[in-house]
Amino acid sequence: MTVSGRSFAGTVNPVPAGVLARSTWQPACPVTAGELRYLTLSFWGFDGRAHTGEMLVNASVANAVVTVFGRLFAAKFPIEAVDDQKRGA
């Protein structure tokens, strides 16, 4: 997804069931689903365009991750992809 403007946007929310189902999280993981947060984050791609990605992180570091991505976005640091989907599934 491409960001319409050039301003950073980041959100922190509980993980929706559909997102959890398509993620790599499993019930045997040492972090419970309730301890995770769903982030959406703006980032610059290697194509020079702004995009929006998503990831799951431990709730204890969610706001810090958003802050770091805000700094990376401000510096126009390119990132190939930001997503929480299983590969090859």
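This structure is a prediction, so every number in the text was calculated from the model and none was measured.
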(message) What I'd like to find out is whether the side chain of V66 reaches to under 4.5 Å of the side chain of F8, using heavy atoms alone.
(response) yes

(request) For T11, check side-chain contact (heavy atoms from CB on, under 4.5 Å) against everything at least two apart and list the hits. (result) N13, T40

(message) Going by side-chain contact (heavy atoms from CB on, under 4.5 Å), name the residues that satisfy it together with A59, two or more places apart in sequence or in a different chain.
(response) R37

(request) Looking only at non-hydrogen atoms, find the nearest pair between S42 and S7 and report the distance. (result) OG-O, 3.9 Å

(request) Could you check whether the rings of W44 and F73 sit parallel, tilted or perpendicular, using 30° and 60° as the cut-offs? (result) parallel

(request) Indicate the atoms forming the closest heavy-atom contact of P78 with G45, along with that distance. (result) CB-O, 4.0 Å

(message) Measuring from atom CG of L36 to atom CH2 of W25, what distance do you get when rounded to the nearest 0.5 angstrom?
(response) 7.5 Å

(message) With rounding to the nearest 0.5 angstrom, report the CG to CG distance, L41 to D83.
(response) 11.5 Å

(message) List the residues meeting side-chain contact (heavy atoms from CB on, under 4.5 Å) with N58, not counting sequence neighbours, and say none if there are none.
(response) V31, S60, V61

(message) How long is the straight-line distance from NZ of K76 back to CZ of F43, given to the nearest 0.5 Å?
(response) 15.0 Å

(request) Locate the shortest heavy-atom distance separating T32 from E35; write the atom from each residue and the value. (result) N-OE1, 2.7 Å

(message) To the nearest 0.5 Å, what is the distance between CZ on F46 and CD on E80?
(response) 6.5 Å

(message) Between L39 and F69, does the side-chain contact (heavy atoms from CB on, under 4.5 Å) criterion hold? Intermediate values first, please.
(response) CA-CA 11 Å; L39 309 183; F69 269 81; over 6 Å; no

